[in-house]
Amino acid sequence: MADPVTFTPDKGAYIRTNTWLAAGAMAVAMIVLWLVGNPYVWTGAPAGLAAVAFRAWYLASEELTTTWQMTETSLTGPGPRNVALNQIEAVNLMGSFVQIVTKGGDKHLIKYQADPAATKAAIERAMG
């Protein structure tokens, strides 16, 4: 039996993902303030940035320790989540995330991958 393959989160991908999330939150907050007629539209930018920065800081210790392991027959993640490779319907890319969709409709995310395309390719190879 081959050694299990481990998919671990990448700190760089975590920072990049949250940077994009912050940029989006800043823009949305400013648009909302503009739509409601607030004369201080600029305050949406630091508010959006602060909200996402706090969230990223708060969740980092949990998100950056979450790992998934793949054996010849299954993919096991946190929770514990256990997905038989023969029950995987689709493997999708979503930014730095790899989404696993089972034949039963369950969805799981392998988050913050440095190279999500390589993670997807490894899973698809193991599926046969």
Side-chain angles (χ1 to χ4, degrees):
M1 183 170 112
D3 290 334
V5 176
T6 302
F7 302 114
T8 58
D10 177 69
K11 188 174 184 177
Y14 183 77
I15 291 169
R16 279 190 305 279
T17 299
N18 281 286
T19 299
W20 280 109
L21 185 60
M26 292 166 69
V28 168
M30 290 175 67
I31 290 168
V32 168
L33 290 173
W34 176 71
L35 289 172
V36 299
N38 189 309
Y40 304 104
V41 172
W42 67 270
T43 60
L49 176 62
V52 174
F54 178 75
R55 177 192 171 277
W57 168 80
Y58 186 77
L59 293 177
S61 63
E62 181 180 331
E63 294 288 358
L64 292 174
T65 59
T66 302
T67 61
W68 285 78
Q69 282 198 335
M70 183 173 62
T71 65
E72 294 174 349
T73 59
S74 67
L75 190 57
T76 305
R81 293 177 179 93
N82 193 355
V83 179
L85 294 178
N86 65 2
Q87 292 301 306
I88 296 175
E89 178 77 27
V91 182
N92 304 313
L93 296 179
M94 300 170 64
S96 66
F97 298 176
V98 176
Q99 181 190 49
I100 306 298
V101 182
T102 67
K103 293 177 181 175
D106 294 329
K107 296 176 183 170
H108 306 281
L109 289 177
I110 302 174
K111 298 179 182 179
Y112 309 112
Q113 296 297 287
D115 187 353
T119 300
K120 177 183 177 181
I123 294 168
E124 288 175 338
R125 268 193 312 276
M127 289 168 54

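Only a predicted model underlies this, so the values are computations on that prediction, with no experimental measurement involved.
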Side chains of Ser96 and Thr17 only: does a donor on one sit below 3.5 Å from an acceptor on the other? yes
Would you check, one step at a time, whether the test side chain to side chain contact (heavy atoms under 4.5 Å, CB included) holds for Thr8 with Asp10? CA-CA 7 Å; Thr8 58; Asp10 177 69; over 6 Å; no
Exercise: identify the closest heavy-atom pair between [X] and [Y]:
X	Y	value
Pro46	Thr43	CD-O, 3.4 Å
Ala29	Gly44	CB-O, 3.3 Å
Leu49	Ala22	CD1-CB, 4.0 Å
Trp42	Met30	CA-CE, 4.4 Å
Leu93	Pro116	CD2-O, 3.4 Å
Lys103	Asn86	NZ-O, 3.0 Å

Tell me, with the steps shown, if Gln113 and Phe97 meet side chain to side chain contact (heavy atoms under 4.5 Å, CB included). CA-CA 6 Å; Gln113 296 297 287; Phe97 298 176; over 6 Å; no
Does the side chain of [X] reach to within under 4.5 Å of the side chain of [Y], using non-hydrogen atoms?
X	Y	result
Thr76	Trp68	no
Val98	Asn92	no
Val52	Thr19	no
Ile100	Lys107	no
Glu63	Lys111	yes
Met94	Leu109	yes

Output yes when a side-chain donor or acceptor of Gln87 lies under 3.5 Å from a complementary backbone atom of Leu85, and no otherwise. no
Has Ser74 got a side-chain atom pairing as donor or acceptor with Met70's backbone, closer than 3.5 angstrom? no
Same apolar cluster: Val41 and Leu35, side chain cutoff 4.5 Å: yes
To the nearest 0.5 Å, how far apart are CG in Leu75 and OG1 in Thr102? 11.5 Å
So Tyr14 and Leu59, side chain to side chain contact (heavy atoms under 4.5 Å, CB included) or not? Walk me through it. CA-CA 10 Å; Tyr14 183 77; Leu59 293 177; 3.9 Å; yes
Holding to side chain to side chain donor-acceptor pair (under 3.5 Å), I want the full list of residues that pass it with Arg55, two or more places apart in sequence or in another chain. Asn18
Which side-chain N or O atoms in residues 120-128 pair as donor and acceptor under 3.5 Å with protein atoms at least two apart or in another chain?
unit_1, atom_1, unit_2, atom_2, d
Lys120, NZ, Val91, O, 3.4

Residues passing the salt bridge (charged side-chain N to carboxylate O under 4.0 Å, His left out) test with Glu89, sequence neighbours excluded, are none
Mind running side chain to side chain contact (heavy atoms under 4.5 Å, CB included) on Leu64 and Lys11 for me, showing each step along the way? CA-CA 7 Å; Leu64 292 174; Lys11 188 174 184 177; 4.2 Å; yes
Mind telling me whether Tyr58 and Phe54 have parallel, tilted or perpendicular rings, with 30° and 60° as the class edges? parallel
